Amino acid sequence: MGKKESKKYECIECGYTGTTWSGRCPKCGAWGTIEEVLALPSEDSQMKSFILPLPLHEIKSPARLSSQDEELDRVLGGGWVPGSSVLLAGEPGIGKSTILLQTCLRMAQKGKNVVYLSGEESPSQVALRAKRLGIASQNLKIGSGYNIDDLLAGSSGSDLVVVDSVQSFTSGDSPGLPGTPSQVRAVAQKAISSAKQNGCPVVMIGHINKEGLIAGPKLLEHMVDTVLLFSGDRLSPYRVLRAVKNRFGATDEMGVYEMLDKGLFAVNDPTRLYWRNKDEKVPGVTVTPVVEGSRAFLVEIQALVATSPFPYPKRTAIGVDPSRLQLLLAVLERRFGVSTISQDVYVNVVGGVAVRGPQADLALCAALASAHHSRPVDPSYCLIGEVGLAGEVRPLPRITSRIKEAKRLGYKRFIISKGQELEKIEGISLYKVENIKEALEEVGL
Ligand code: TYD
Ligand code: MG
């Protein structure tokens, strides 16, 4: 009897939990980020505690609901899943409210019951924004306030509920201002259980801080079914939407948008963004097709090598993994005599896209070697391959889509791995190479 209630503390930056308070988080080292976790009333107690197991064939899988946005649908894995919870994270000002409001308007236009709850703007401000987007719709309901509980209760029977943002609402009697870890968690929990109970998908907007962590308890990521990340350079109009977690779909799809005067518009042909056709020959520039989810598009890779004024030369990689760059620089030096030991190296993938995995290795090596020699790569070539530690060029998956995309934009000469198997594609020439040395010779380096 009288079991001592032990307190729990959590770091709002990294999600570390412990039983003692401390001024500094023992895990991430941040100061003043440890807060007490307040016990929440169990939501499960309101729900049926169990469902009898059923044979698989008797369980109906719910139909997905289109967001009326082709890019968003693809990233979600085919649309909203009824009863699911989605977190849309991104830096302030990136366009989170815009993308969801325009989706809501389009869904409402199609006769869906959509509710947009804003804790950041008044209904008239949201209406003003909606007007700017120019999507006529009578049916969208807009709610605003500080406490999410009544707003959610009043939203039952909807097809979609948007919570803008999870950091601007409070829930229940838990103390604390909006945005504190316990409040963020309480609001999210409320929204998630309301989604489950009503079978209606709920999307929560979550602001992230500069370091890219989702502000508030990191725990939020584990609570929801899907986490979408909306990112981009605020100075450029382009935005990329990706799923970083998805219980109901793949995480390799990406949606590309352009922010214009009247909202966000899908960029259906990402190649247009990351590649530009030009005739002038510049050292350090190569082109390669990359595959993201179901799409292939061309990216331009740029490298610059300059004598370093520092004892420790800089390596700057934008759009490619820095450790990948280090590895390829080492391979180039040891296997091909391209030494950048006392030089600063800069690599940039044009258009702000991040190339994942080793798919741009060969093009990156050629760009680096070209920059090092100050000799351009013959621009009629497209280089496609992974590079291994021995300097060998390895095959890549989805080679046909890659080549077809480059062919669509006029490339006819492809440097690929000797080990690459592929179906016949008319109107192109293939140059099969074993290692980067052969590849670099072929492109004139
Ligand atoms: P917003 O959706 O409010 O960002 P978030 O919710 O992520 O904080 O969008 C912010 C920026 O987008 C703002 O600086 C204005 C710009 N914007 C446009 O350029 N065109 C538009 O049609 C809209 C609605 C916003
Ligand atoms: Mg907003």
Side-chain angles (χ1 to χ4, degrees), residues 67-72 75-76 85-109 114-137 140-146 148 151 155 160-170 177-179 183-184 187-188 191 202-216 220-221 224 226-244 254-267 273 351-352:
S67 66
Q68 304 302 327
D69 175 334
E70 215 181 301
E71 304 287 298
L72 182 54
V75 175
L76 286 168
S85 49
V86 178
L87 176 69
L88 175 67
E91 282 183 32
I94 207 76
K96 300 180 295 298
S97 301
T98 307
I99 190 175
L100 289 184
L101 186 59
Q102 67 186 42
T103 288
C104 287
L105 286 163
R106 290 202 198 110
M107 288 178 67
Q109 217 174 25
V114 187
V115 181
Y116 191 99
L117 304 176
S118 180
E120 306 199 339
E121 289 162 287
S122 68
S124 59
Q125 282 168 323
V126 179
L128 204 68
R129 206 189 254 275
K131 207 170 159 195
R132 176 176 183 183
L133 296 172
I135 308 166
S137 172
L140 178 64
K141 287 201 200 103
I142 294 162
S144 151
Y146 291 112
I148 197 79
L151 287 170
S155 308
L160 178 75
V161 173
V162 171
V163 176
D164 183 2
S165 65
V166 73
Q167 283 121 327
S168 63
F169 284 105
T170 59
L177 291 168
Q183 281 297 357
V184 167
V187 171
V202 58
V203 202
M204 291 174 269
I205 287 179
H207 298 295
I208 57 172
N209 53 20
K210 279 196 206 72
E211 288 78 41
L213 285 173
I214 294 167
L220 216 57
E221 276 186 66
V224 296
T226 302
V227 180
L228 305 180
L229 194 63
F230 204 32
S231 59
D233 181 353
R234 233 179 321 153
L235 298 175
S236 120
Y238 301 110
R239 304 283 181 266
V240 175
L241 184 71
R242 275 181 194 282
V244 285
M254 89 178 197
V256 184
Y257 296 88
E258 186 170 3
M259 177 68 98
L260 297 173
D261 257 9
K262 288 191 159 191
L264 288 153
F265 290 82
V267 175
L273 246 162

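For ligands, and for the atoms within them, numbers begin at 1 and follow the listed sequence. Position 1 is the first residue of the sequence; numbering continues from there. Computed from a predicted structure; not experimentally measured.
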Find out whether Asp69 and Glu71 are in side-chain contact, i.e. whether some heavy atom of one side chain is under 4.5 Å from a heavy atom of the other.
-> yes

Answer yes or no as to whether an N/O/S atom of Ser165 is found below 2.8 Å from the Mg ion (ligand 2).
-> no

Shortest non-hydrogen contact between Gly95 and Leu264, atoms and distance = O-CD1, 3.7 Å

Could you list the atoms of ligand 1 found under 4.0 angstrom from a heavy atom of Pro92?
-> 8 (O)

Could you give me the CA-CA distance, side-chain angles and deciding distance for Leu88 and Ile99, then say whether side-chain contact (heavy atoms from CB on, under 4.5 Å) is met?
-> CA-CA 10 Å; Leu88 175 67; Ile99 190 175; 3.8 Å; yes

Heavy atoms only: give me the nearest Val75-Leu241 pair and the separation to one decimal.
-> CG2-O, 3.6 Å

If you measure from each non-hydrogen atom of Lys96 to ligand 1, which part falls under 4.0 Å: side chain, backbone, both or neither?
-> both

Looking only at protein heavy atoms, what sits closest to atom 4 (O) of ligand 1 is Gly95 N, 3.1 Å

Give the contacting part of Asp164 toward ligand 1: side chain, backbone, both or neither, where contact means a heavy-atom distance below 4.0 Å.
-> neither

Output the distance between atom CD (Gln125) and atom OG (Ser97), rounded to the nearest 0.5 Å.
-> 11.0 Å

Determine, step by step, whether Leu228 and Leu76 satisfy the side-chain contact (heavy atoms from CB on, under 4.5 Å) criterion, reporting the C-alpha distance in whole Å, the side-chain angles of both residues, the deciding distance to 0.1 Å, and the verdict.
-> CA-CA 8 Å; Leu228 305 180; Leu76 286 168; 4.0 Å; yes

Ranking Leu88, Leu133, Thr98, Leu100 by closest non-hydrogen atom to atom 9 (O) of ligand 1, top hit is Thr98

Can you figure out which of Arg132, Gln102, His207 has its heavy atom closest to atom 23 (C) of ligand 1?
-> Arg132

Interatomic distance, CG@Leu117 vs OG@Ser168, rounded to 0.5 Å, equals 10.0 Å

Ligand 1 contacted by Gly263 (non-hydrogen, < 4.0 Å) | yes

Leu177 side chain near Gln183 side chain, heavy-atom distance below 4.5 Å | no

Where on Lys262 is there a heavy atom closer than 4.0 Å to ligand 1, on the side chain, on the backbone, on both, or on neither?
-> backbone

Protein contact of atom 3 (O) of ligand 1 - nearest heavy atom, named by residue and atom, plus distance = Arg129 NH2, 2.9 Å

Under 4.0 Å, heavy atoms only, figure out whether ligand 1 is touched by the backbone of Asp261, its side chain, both or neither.
-> backbone

Considering only protein heavy atoms, which is closest to atom 20 (N) of ligand 1, and at what distance to one decimal place?
-> Leu260 O, 2.8 Å

Return the residue, atom name and 0.1 Å-rounded distance of the protein heavy atom closest to atom 13 (C) of ligand 1.
-> Gly93 O, 4.7 Å

Specify side chain, backbone, both or neither for Ser97, according to which of its non-hydrogen atoms lie closer than 4.0 Å to ligand 1.
-> both

Tell me, which protein residue and heavy-atom name are nearest atom 19 (O) of ligand 1, and how many Å apart are they?
-> Met259 CG, 3.4 Å

For Ser155 and Val115 the tightest heavy-atom approach is OG-CG1, 3.6 Å

Is Tyr146 atom OH crowded by more than 12 heavy atoms from other residues, nucleotides or ligands, each under 6.0 Å away?
-> no

